[in-house]
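Only heavy atoms go into these numbers, but all of them, side chains included; no hydrogens, no water, no symmetry mates.
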Amino acid sequence: MKPSIALAFVSVLLALLPPARADELFLKNDTVKSGEIVSTSDGRVSLRVQVGAGFGVAGYAFDSLKKVGFTPTPAEQKMMSNPGASDVAVLRRMWELREPLLGQVESDAPTVATALSRALLADTDPERAREALALLEKALARGSLTPAEQSALLQSTAAALMGAGRVDEAVKLLDTMPEIDPAASAAIIENRVRLELIRGDLALGKLRALEEEWPKWELMPEEREQHRRLLHEALSAFLFPAAIHPENRAVTADGLYRAAQLFASVERPEDALRRVDEILSFYPEPVFAKKAAELQTQLKSSHEPKP
Amino acid sequence: MIDTRFPTAGLRVFLLVLLLTATVQAQSSLGPNATFLTPEQRLENGLQDYRGGRHAEADRALTKWLTEFKATGQPFDSITGADKVYYVLAMARFQQDKWTESIPVIQEFLERFPRGFDREELSYLLGVVHFYLKKDDEAFKLLGDFARTYPKSSFHDPALLLMAVTLLRQEKHKENAEFLAPLIGKVEPGINSEMQLLRLYSLMQSEQREEALRAVAAFDSEDPRNLRLAYFHLLTLRLGDDLFRQKEWRKALYALQRVWPRERVVARQSERIARLEAYLEREKFNAVMKTVEGRRLRELATQARAELVEFEKVADYDTALQLRIAQAFTALELNHEAALVYRRMMARLPESELLEKAALELLHCLARMESWPELIVESEGFEQRFPKSAFVPQALYLRGEAAMRLGLFERAAEAFLAVAARYPEHGMAEQSHFQAGYSLLSADQNEEGLKVLAEHAAKFPEAKLTEDVLYWRGMGNQFARDYEQSREFFTQYLEQYPEGKYRADAEYRMVFALYAQKQFAEAAAEAQKWLEAHPDEPLRDEALNLLGDSFFATSRIDEGLAAYRQVSRTTDRYYDYAAFRIGKALAAREEWDALRAHFEGFMKERPESNRLAEAIAELAKIESQQGAPEKAREIYWAAIEKHGDDPEAAAVEMLFENLAKQYRRAGETEEFQQRLTTLAVDAGLKKPTLRARALWMQSKLMPRDEPDAAARLVEKYAAVVKPTLLSPILLADGADALRALGDLKKARELYRTILRWYPRSLLKERAYAGLGLVAQAQGETDEALEQFDKFERTGLDVTLREPVLRARAEIYKARGDTAAAVAQLERVLELPQVKGAKAAETLYAIGHAYYEAGDYKKAIAFLQRIYILYGRWSELVAKAYWESGQAFEKLGQTAEARSTYAELVANETLAGTPEFKLAEARLRELPAPKTSDAG
């Protein structure tokens, strides 16, 4: 089949199918066209419209449009509100349609970008995180974003940075994000504290690697200083939720428990016990309360004075 | 909540009656003949005025109508809707704040119309007006009656709220808290939020702080119906502060961590007020806005707005909040958490006095955490950010302390001196000045340290540290080896402070000074006195050794031996020293049996001593002295058998080397080799370390001109034995051998094993150098430079320095950084071993580097030095001439080039070099010099 025939065939098929969505094009001549937007390339929007008993595709130049209104199907709406890894293909298609129209007023492109990035990040593949970063960058570069859109895009960017292993940049981004609305600020705080735990884990990983590589690090001034710095970094990260944002009790308890374990591992039982007490008295979250109680018993038994 | 029962419906019926009974056409109350209205017109106008919001006019019209109607004597039930007149009149007066005047109207209504349509609302209103009149008891009762009578009324919850306010106004906080407790959570949300605030306030006022904490936890600031956030957060901040002052640190923290930052409170409360105001504006013509509830909502919006304005005026709200949180963490000994809060404050909050305080507290916090590097950084940040702060001296002092802890004594002295010099009146100035002197002494800058201490009394006439200063001046002089002067200071010290804290130490230092001045007899006498006077001093073992040395120096051997024998096992170093001094004395007296017993005893006593090999050597020496070299050798072999398989027994290699010296006579080397081979074979796989050591020793016995053969022997163990089973010297020699043989990977592993398991070994410098050379050979030049940096930080070995510097030069040259490459090579030239050919090669390398970089003048300068200073090395000289000539040509100095080539070809010793022929050819090619040039 020659390409031209194939295209014609596809057009016929498209024309025969009923429109899946009721998108709207608001033209500068104050008319509104309804149909399904099937492509947005080469400076033109192709709208599949009903013509008589069948369907046809009409083209409109971008500069003839005042506004483009995509109307997602219920399935698409569901994907946008709760995207998963399996939704990537559909959301990519939605983003492809919207990307060329990013600058249009009242575009839902930022929302689609956020949803697609979340779907991409549902997979732990760093390549997908990089793809998410690229599209989020494009969406953020668009001018007139609403505060809520900007917040959602920035939060997704932080998550993507994290997914791409750029934890410090993610932390920095979250630290500078404004608290736009209650829901957004709660999400920012949630992401922020979780990132700290990741940062703590990274520092702890480096600490353990250093101990493994240099078994006598205590006798080595540079390694000893590096060990001290990594220990401090890990502890600060684990204790960040308790010190700064204790609102999320489960994350706070998690951080305190990790700090207690770390203190215990470096022979600082008093410091460990203080954090264990914090969990038991103020953050007795189901899993961590049990673990904390066990650690407390262990610490007390190994450090009680011998008769 | 919104009451849609505004009297519209009731009025409609009433107006219908009016219309039906009207005999005169109604006129507007604003019309010209308003004073001549009929009662019906007046009534109608009054109602219209009320509806139009003209409450005063409505009041007048309806009051008059009511008076006239009563005067007619007609019963009220004769007209439908008469109760509405009362209602409207009461409301009109209420809206004018005429609380007292509205009471009789409401009361009359309640009496006349027991089944009146508006009875519920006016019953509530009666309580409300008493509330506004601040008749709290009556209001409480009336509102309570209302709430009981109308439990389903839309005014029920507002009535309960007002009841709570009456209790609060009377400062009945305990009762109020109890009154509100069962209501919270059961009333409508807007009222609930208000009740939560009232209860929290009352709980705090009645000092029920535990319950107040629970109330704080139950308040959801994110609930958009909670309008007065500023009030709540200020109350919570105050609760936290109260608890903090009560030293209830954890509870304080619980409250304070629930307080929002200012920005968040302002943003949320503004949003919510704006929403309420928009609602009030949108609904302003709605009948409900004329009810008591409408008034309450308007007042709530005004109050919330006013509270927000006041909230925004609170100075340093965020700083005060965060500071309290950090202080609470500190009090709980949760220093990491405190430091996090302080650091965040520093990063986010604007300068203020409170922030300055917080910045200083951060420094103290870091000191508690022993985070000395961070403390130095933060202290510098403090000085930059708050240069005029009164806390700068403390920040500097803490920086000095941190630097001391890190062994950065000069930096410490700098900080301490800054306090003393810039803030001489400050309470810490004197201490800082003393610390500066002490730090300089610790930095081995004795002259400077003594100078600072000498100025102390003059700078601080009221000095409190005179005792310390005097003692350390004595010590400083001792460090500077000015023993006479040190004795003078200690004497002065003991005169001024006969019972001083440094007395014993000062006395001992005086004895030491005598000894150092070689006044041994006096030192011995003084040491004896000191030991008698201070039987329990920590310096006792050191003093006993000094006493022993002093006796030995004056040939009082027995007394010396007695002194050494008293040295305890407390400090290994002193014990071992005494043991070897005893051994020396016994050897000098040729008391061989006693000497043998002594060292055998030592070996039993101190098998872990790093002087064990010396002890074995001493034992072997005894046998040699007594003409039994075989026995001497067997002592070594036995020790090697015993300790040879322990990789951490550092002295074993020394035993091998000492043993080798026992096989010096003709034919004995082969015997030694043979025995080493046997030892290696016997050790086999069971004793890999011993086998490795035997091979290592064999490699050491190889002739110097057979380095490859030696390396192959080393490879036998280095390539196969697990690195952790090798001692540092075996690792270093093994790694060097493997590197020479090209097994870079294995060499790297061995070098790293030295660093991993013997980080204090002196061989670590070889490891760094070796790792750098391996990395260079593998093309990892960054890694190579990093390792060379480490080598230079720790390495004192000048032999190793040469290949390291040359390797560095090669790396820089390959990177096109001629200046850096030359700098390294110039450092090579400064090394003592770089003489003759090595120096000439290095000069050529520098000249060549400049030549390749196109800096011909500099190239010539270095190349010329070769043929002027190093004529013996003809190959290099020829190269230097040739390259100089080439450089002159590049500079267009043909005459100088010719002259250089001519010098080369004139030197017969260079005739066999390739450059000789090149120069001859070039001389033929170059244009002949002009006569004038030649002249």
Side-chain angles (χ1 to χ4, degrees), chain A residues 147 172 175-176 178-183 185-186 188-189 196 200 210-226 228-229 231-247 249 252 255-256 259 262-263 268 270-271 273-275 277-278 281-283, chain B residues 217 220-224 250-251 253-254 256-258 260-261 263-265 267-268 271-272 322 325-326 328-329 332-345 347-348 366 369-374 406-407 724 752-761 764 768 786 789-790 793-794:
Chain A
K172 206 170 167 186
D175 266 348
T176 53
E179 288 184 18
I180 291 156
D181 57 63
S185 73
I188 290 168
I189 290 167
E196 282 297 333
L210 183 140
E211 288 172 344
E212 174 79 23
E213 188 172 10
W214 306 112
K216 305 228 171 163
W217 57 269
E218 282 170 283
L219 305 176
M220 305 168 80
E222 285 179 27
E223 282 70 17
R224 193 171 58 230
E225 170 54 19
Q226 205 182 343
R228 189 197 66 79
R229 194 178 50 70
L231 176 66
H232 184 80
E233 196 178 320
L235 286 169
S236 297
F238 290 151
L239 294 170
F240 180 89
I244 309 293
H245 285 300
E247 301 94 314
R249 299 169 59 79
T252 301
L256 281 166
L262 185 49
F263 275 126
R268 287 167 64 178
E270 293 300 321
D271 282 318
L273 280 168
R274 280 191 200 105
R275 273 68 189 192
D277 285 345
E278 279 287 295
S281 306
F282 293 92
Y283 305 97
Chain B
D220 180 6
S221 294
E222 289 290 13
D223 186 335
R250 193 58 190 79
K251 288 174 188 167
L253 196 56
Y254 186 87
L256 294 167
Q257 284 199 306
R258 276 156 181 79
W260 278 5
E263 190 186 20
R264 199 165 170 192
V265 171
R268 298 282 197 285
E271 270 170 34
R272 293 174 198 178
Q322 295 302 320
I325 290 175
F329 274 128
L332 291 162
E333 295 183 59
L334 298 170
N335 289 312
H336 268 88
E337 289 85 336
L340 280 165
V341 177
Y342 283 128
R343 279 173 183 273
R344 206 169 159 86
M345 289 175 76
R348 293 176 166 225
L366 292 170
M369 291 162 70
E370 301 191 356
S371 292
W372 309 118
E374 289 79 6
L406 291 169
T724 48
R752 284 176 59 78
T753 307
I754 298 173
L755 298 175
R756 290 184 73 201
W757 294 97
Y758 307 100
R760 282 192 172 163
S761 161
K764 74 177 174 190
Y768 287 134
E786 194 182 315
D789 284 345
K790 287 182 180 172
R793 282 201 289 273
T794 55

Checked A:E247, A:E218, A:H232, A:E225 vs chain B; the most non-hydrogen pairs under 4.5 Å come from A:H232
Given heavy-atom pairs under 4.5 angstrom as the criterion, report whether the side chain, backbone, both or neither of A:E222 touches chain B. side chain
If I take atom CG from residue A:L235 and atom CG from residue B:N335, how far apart are they, to the nearest 0.5 angstrom? 12.0 Å
Which answer fits B:S221, side chain, backbone, both or neither, if we ask what part of it has an atom under 4.5 Å from a heavy atom of chain A? neither
Between the side chain of B:Q257 and the main-chain N/O of A:A243, is any donor-acceptor distance below 3.5 Å? yes
Under a 4.5 Å heavy-atom cut-off, does chain B meet the side chain of A:P246, its backbone, both or neither? side chain
If the plane angle is over 60° it's perpendicular, under 30° parallel, otherwise tilted; pick one for B:H336 and A:F263. perpendicular
Need one label for B:Y254: side chain, backbone, both or neither, based on atoms under 4.5 Å from any heavy atom in chain A. side chain
Could you walk me through whether A:R228 and B:W372 pass the side-chain contact (heavy atoms from CB on, under 4.5 Å) check? CA-CA 11 Å; A:R228 189 197 66 79; B:W372 309 118; over 6 Å; no
Proximity breakdown for B:E333 and chain A, heavy-atom pairs closer than 4.5 Å: both
A:F240 versus chain B, the contacting section by heavy-atom distance below 4.5 Å: both
Proximity breakdown for A:R224 and chain B, heavy-atom pairs closer than 4.5 Å: neither
Checking the side chain of B:R752 only, and the main-chain atoms of A:W214 only, is there a donor and an acceptor separated by less than 3.5 Å? no
